[in-house]
Amino acid sequence: MDEKLRAMLGFLEKYTLRPAEIVPEDMQNLLVIGISEQAIQDALYVGAIFQIMNRLADSFDVAVPPPAVFALSAKSRLERGYYRAPS
C-alpha cells in the first residue's frame, strides 16, 4: 500500500474511532507527504456522511442486503453510472 493511502486511511480511522484525539499535526502530516487540503476535506466529508448513515441505519435496524445484491448494483453502476435522465 502506498504511503499516502496508508496515511490517509490511518487518519480516517482515527477520525472515525477516536475523534477527540485529532490534533492539527494530524492534518499537517498529510499535507507534508503531498496530500492536498482538498483531498483531505473530501475524505472527511465522505467519512462524516458514512458515519451518519451507519448510525441512522443501526438506529432504525435497516436490513443489509446480501453481498450478491451489492455486486449486481456495482455492475449496473459501472455500466450505466449513477445518473439516469428523466424519461
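Excluded from the calculations below are hydrogen atoms, water molecules and symmetry mates; all remaining heavy atoms, backbone and side chain alike, are included.
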Ile40 and Leu31: side chain to side chain contact (heavy atoms under 4.5 Å, CB included), yes or no, with the steps? CA-CA 9 Å; Ile40 297 166; Leu31 294 168; 3.8 Å; yes
Nearest 0.5 Å please: distance from the CD1 atom of Ile49 over to the CG atom of Leu44. 11.5 Å
Using a 3.5 Å distance criterion without hydrogens, assess whether the side chain of Ser59 forms a donor-acceptor pair with backbone atoms of Arg55. yes
What's the shortest heavy-atom distance between Thr16 and Pro19, and which atoms? O-CD, 4.1 Å
Can you tell me how far the CZ atom of Arg6 sits from the CE atom of Met8, to the nearest 0.5 Å? 14.0 Å
If hydrophobic clusters are built from ILVMFWY residues whose side chains come within less than 4.5 Å, do Ile52 and Val62 share one? yes
To check you understand the geometry: which heavy-atom pair defines the closest contact between Ile33 and Glu3, and what is its length? CG2-OE2, 3.4 Å
Closest non-hydrogen atom pair between Phe70 and Val64, with its separation: CE1-CG1, 3.9 Å
Test item: side-chain donor near acceptor, Asp42 and Gln38, under 3.5 Å: yes
I need the Leu9 CG to Lys14 NZ distance, nearest 0.5 Å. 15.0 Å
Glu21 to Asp26 - nearest heavy-atom pair and separation: O-OD2, 3.8 Å
Linked, directly or transitively: Val46 and Ile22 (ILVMFWY side chains, under 4.5 Å): no
Note: Gln51 and Tyr15 closest approach over all heavy atoms is NE2-CE2, 3.3 Å
